[in-house]
Every structure is written in structure tokens, then in C-alpha cells.
**Student:** 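Below you will find the structure I want to go over with you.
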Amino acid sequence: VEQSKCSAAIAAVDKNVLPSVRVLGIGSGSTVVYAVQRLVELRDQNKLNPDLVCVATSFQSKQLISDAGLRGADLDDLPALDPEQRSFASIDVTIDGADEVDSELNAIKGGGAAHLREKLVANASKRLVLIADYRKDSQTLGEKWSSGIPVEILPLAWRTIKRQIESLLPKSYVSSTSAVTASADSVADAFEFKAPRAELRQAVRKAGPVVTDNGNFILDVAVGKIYDPRRVELLIKMIPGVIEVGLFSGIAKEAWFGNEDGTIACRT
Ligand code: DER
């Protein structure tokens with residue numbers, strides 16, 4: 001698995017981090033570690049833009065950047081790349097891992113509890129490039145990743161938010177004003193289960209729940225297969241107290257997978 005992560009990371013960096021790239025988003029997790037290692041190799045070969053700055057997506061990501069001797073930059077200190085085109089993007093490309101990627105490049109992210117800042121950075125990027133091992137490569141989200149959709153929430157109301165998420169119905173739809181339950185014939189099921197199950201993510205080497213870099217909790221929301229990622233994302237996001245949903249619908253432009261046989265696959 002590690003070799004497949006490494007191969008995907010190298011291929012993605014070599015294809016996307018050209019000397020023209022001046023602002024690079026660095027994701028979080030274990031796969032992106034190989035991407036940073038590749039950046040160091042390219043820098044030592046003078047193949048990177050000498051003015052390259054890297055934008056972190058978590059404390060871990062910030063540590064990776066500084067340990068690699070790469071220059072860091074805060075997202076909010078960066079100017080828009082093309083202000084005359086009214087584009088707010090300030091990052092040329094972001095390279096990040098994923099928990100699962102479907103055939104349309106929608107992704108589940110947040111296995112490392114980093115998806116809030118990851119989505120901020122991805123959204124401010126011209127291109128999001130995902131890197132993953134073969135275990136993450138699916139047709140439909142929910143096929144392989146069984147831990148549920150990571151949802152960052154406000155700790156003070158976690159039980160109430162959990163209850164409301166578990167009351168969502170597969171045929172719920174998002175209207176202009178609020179998430180309502182549509183009549184059976186109006187929308188297809190957005191997800192597989194009859195109702196979601198939301199579990200508060202417990203820490204392993206700390207008593208009690210995981211607390212994110214932003215001081216919030218994570219609910220892992222199991223819905224089975226996700227037939228309409230965008231609708232599921234919006235349904236959950238609209239619940240008061242939900243801060244960010246680990247569904248990246250229609251954001252990624254490219255995904256690189258290391259295959260079990262050592263080959264590499266790129267989906268665009
Ligand atoms: O938290 C995240 O979204 C991470 O990108 C993560 O889920 C991917 O982690 P991995 O590269 O360790 O599989």
C-alpha cells in the first residue's frame with residue numbers, strides 16, 4: 001500500500017508542480033508525505049519555482065512544510081492570482097489525499113480530521129489534485145470507505161446535531177429555503193441507508209472525543225453508498241452547528257491512484 005501511495009504522489013507532483021507553479025497547497029494525511037518528499041527531490045534538482053510558497057491544511061501539513069525546508073504562506077496573506085477575472089483563487093494547485101474517490105472525482109475526505117482547512121485551501125485553488133492508493137479507488141462513494149462521512153461540528157450541541165443528521169431521509173432534498181422531505185416520486189435516493197448513523201469520533205491516545213485543529217468535534221456519518229454526493233453534502237451542511245462536511249463534490253480536477261500491481265492510474 002505504501003509503495004502505491006508513493007507512486008501516485010510522485011506521478012502527481014511531477015505532472016502538476018511545474019516551475020510555473022508559485023503557490024502550492026499541501027494536504028494532510030499519510031499519502032501527502034510522499035508528495036512533500038518528491039518536492040524536496042525536485043527542489044534539490046532546481047526543478048521548482050525558486051519563489052514557491054506552500055499553504056498548509058493542518059498542523060501536520062504545516063510541520064511537513066517546515067521540516068522539508070519549504071517556504072510556508074498563510075492562505076489569507078495571498079493575493080488573488082487573476083483579480084481582473086474576478087477569480088478569488090490564490091493557489092495554483094493543491095495536492096491532497098483522500099479517503100475514497102468515485103468515478104466522477106467526488107471524494108470523501110476527513111479521515112485525518114483535516115477536511116475543514118483542506119476544503120478551504122482546495123476551494124481557493126485553481127486545481128485540486130488527489131493522490132491515493134488503490135484502496136480508495138471506487139465507482140461510487142461508500143463502496144470501500146466504511147467509516148462514514150467525516151463531519152466537523154460545534155462541540156456544544158453535538159447530541160442535537162447527531163439526532164438531526166440521523167433524521168435525514170434518503171429522499172430528502174435541498175430546496176431554496178430549507179432541507180425538506182420530498183414526495184417519493186420527486187427525487188431519487190441520495191444515499192443507500194434508510195437513515196444515516198452518526199458516531200462521535202473518539203480519540204485513540206487521548207481520553208474522550210477527537211478535537212480537531214480548529215477545536216471542534218467530528219461525527220462520522222454512515223449512509224452506505226452515496227448516489228448523489230452533492231445533495232448529501234448540502235443536506236448535512238445546512239444543519240445548524242455543522243461546520244464542514246467531508247464530501248468534496250465536483251472540486252477535484254485529477255486523481256492519481258497507485259495500483260496494487262505497481263502501475264499508476266490517473267482519472268480526470
Ligand atoms: O483527512 C483527510 O482528508 C486526509 O487527506 C486523509 O483522509 C487522507 O489520508 P491518507 O493519505 O493518510 O489516506
Side-chain angles (χ1 to χ4, degrees), residues 1-13 16 24-39 54-65 91 93-102 105-125 127-138 141-153 201-204 209-214 216-222 226 229 233 236-237 243-249 251-260 264-265:
V1 169
E2 291 311 308
Q3 185 50 54
S4 78
K5 290 180 179 182
C6 185
S7 311
I10 291 172
V13 167
N16 287 281
L24 174 65
I26 301 291
S28 303
S30 60
T31 309
V32 80
V33 172
Y34 297 108
V36 173
Q37 286 172 1
R38 183 59 178 165
L39 287 172
C54 297
V55 182
T57 52
S58 63
F59 288 138
Q60 180 229 358
S61 167
K62 184 174 172 60
Q63 213 170 349
L64 281 177
I65 293 165
I91 300 171
V93 58
T94 286
I95 295 187
D96 198 351
D99 298 311
E100 189 173 27
V101 186
D102 73 9
L105 290 181
N106 301 303
I108 293 177
K109 284 176 60 51
H115 65 279
L116 170 56
R117 281 178 64 185
E118 288 177 331
K119 201 183 263 189
L120 262 175
V121 168
N123 184 54
S125 306
R127 289 169 58 72
L128 171 65
V129 174
L130 297 177
I131 52 178
D133 61 77
Y134 52 87
R135 298 171 304 168
K136 320 300 188 63
D137 182 0
S138 289
L141 295 182
E143 256 174 21
K144 296 181 180 173
W145 178 257
S146 56
S147 307
I149 305 163
V151 178
E152 185 152 345
I153 62 165
R201 188 182 295 184
Q202 296 301 315
V204 176
V210 165
V211 179
T212 69
D213 291 356
N214 318 300
N216 301 311
F217 286 170
I218 296 278
L219 285 177
D220 287 302
V221 180
I226 302 173
E233 179 184 359
I236 297 174
K237 183 78 182 269
I243 300 165
E244 194 49 81
V245 182
L247 283 175
F248 285 45
S249 312
I251 299 180
K253 291 278 187 299
E254 207 171 271
W256 294 79
F257 301 97
N259 295 321
E260 212 163 358
I264 301 163

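One-based numbering, in listed order, for ligands and for the atoms of each. Along the sequence shown, residues carry numbers from 1.
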**Student:** With heavy-atom distances below 4.0 Å as the criterion, list the atoms of ligand 1 near A113.
**Tutor:** 1 (O)
**Student:** Establish, from distance only, whether the side-chain atoms of S28 and S61 form a donor-acceptor pair under 3.5 Å.
**Tutor:**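 The answer is no; no qualifying pair exists.
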**Student:** Between K119 and E152, does any NZ, NE, NH1 or NH2 come within less than 4.0 Å of an OD or OE carboxylate oxygen?
**Tutor:**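 Looking at E152 and K119, the cut-off is not met.
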**Student:** Which one holds for D96 and ligand 1: side chain close, backbone close, both close, or neither close, with close meaning a heavy atom under 4.0 Å?
**Tutor:**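 Near ligand 1, D96 shows its side chain, while the N, CA, C and O stay back.
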**Student:** Quick check: closest heavy atoms across V245 and H115, and the distance to 0.1 Å?
**Tutor:**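 Looking at all heavy atoms of both residues, the shortest contact is C-CD2, 3.6 Å.
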**Student:** Find all atoms of ligand 1 within a distance of less than 4.0 Å from any non-hydrogen atom belonging to D99, and give their numbers and elements.
**Tutor:** 6 (C), 7 (O), 8 (C)
**Student:** Knowing that exactly one of T57, D96, D99 qualifies, which makes a side-chain hydrogen bond (donor to acceptor under 3.5 Å, both in side chains) with K109?
**Tutor:**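 With K109 as partner, T57, D96, D99 yield a single side-chain hydrogen bond (donor to acceptor under 3.5 Å, both in side chains), made by D96.
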**Student:** Mark up the atoms of ligand 1 that fall under 4.0 Å of a heavy atom belonging to G29, in ascending order.
**Tutor:**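 Near G29, meaning under 4.0 Å from one of its heavy atoms, ligand 1 has 9 (O), 12 (O).
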**Student:** Do the side-chain N and O atoms of N16 and R127 include a donor-acceptor pair separated by under 3.5 angstrom?
**Tutor:**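 Side chains of N16 and R127: pair found under 3.5 Å.
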**Student:** Would you indicate which of S30, G97, A9, S28 comes nearest to atom 10 (P) of ligand 1 when only heavy atoms are counted?
**Tutor:** S30
**Student:** side-chain contact (heavy atoms from CB on, under 4.5 Å) between L39 and I26: does it pass, once the steps are laid out?
**Tutor:** CA-CA 11 Å; L39 287 172; I26 301 291; 3.7 Å; yes
**Student:** Do the side chains of E118 and V121 get nearer than 4.5 Å, heavy atoms only?
**Tutor:** no
**Student:** Side chain, backbone, both or neither: which part of A132 has a heavy atom under 4.0 Å from ligand 1?
**Tutor:**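 No part of A132 is near ligand 1 at this cut-off.
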**Student:** Any nitrogen or oxygen of V32 lying under 3.5 Å from a nitrogen or oxygen in ligand 1? Just yes or no.
**Tutor:**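 Looking only at distances, the answer is no, because the N/O contact criterion of under 3.5 Å is not met.
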**Student:** Identify, for atom 8 (C) of ligand 1, the protein heavy atom at the shortest distance, and state residue, atom and that distance.
**Tutor:** A98 N, 3.7 Å
**Student:** Could you name each residue pair satisfying salt bridge (charged side-chain N to carboxylate O under 4.0 Å, His left out) that touches residues 2-13, not counting sequence neighbours?
**Tutor:**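 Residue pairs passing salt bridge (charged side-chain N to carboxylate O under 4.0 Å, His left out), neighbours aside: E2-K5.
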**Student:** When you measure from the heavy atoms of E118 to every atom of ligand 1, does any distance fall below 4.0 Å?
**Tutor:** yes
**Student:** Do I226 and N106 have side chains that approach each other closer than 4.5 Å (heavy atoms only, starting at C-beta)?
**Tutor:**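 No - every pair of side-chain heavy atoms lies 4.5 Å or more apart.
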**Student:** Starting from atom 11 (O) of ligand 1, which protein heavy atom do you reach first, and at what distance in Å?
**Tutor:** T31 OG1, 2.7 Å
**Student:** Taking heavy atoms and a distance under 4.0 Å, where does P150 meet ligand 1: side chain, backbone, both or neither?
**Tutor:** neither
**Student:** Do me a favour and list the nearest non-hydrogen protein atom to atom 13 (O) of ligand 1 with residue, atom name and distance?
**Tutor:**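 So the nearest neighbour among protein heavy atoms is K136 NZ, 2.6 Å.
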**Student:** Of all the heavy atoms in G246, does at least one lie under 4.0 Å from an atom in ligand 1?
**Tutor:**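 Contact absent.
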**Student:** For the CZ atom of F59 and the CG atom of L64, what is their distance to the nearest 0.5 Å?
**Tutor:** 14.0 Å
**Student:** Please could you name the atoms of ligand 1 that G112 approaches to less than 4.0 Å, counting only its heavy atoms?
**Tutor:** 1 (O), 2 (C), 7 (O)
**Student:** Under 4.0 Å, heavy-atom basis, I'd like to know which part of K109 is in contact with ligand 1: side chain, backbone, both or neither.
**Tutor:**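 For K109, backbone and side-chain atoms both sit under 4.0 Å from ligand 1.
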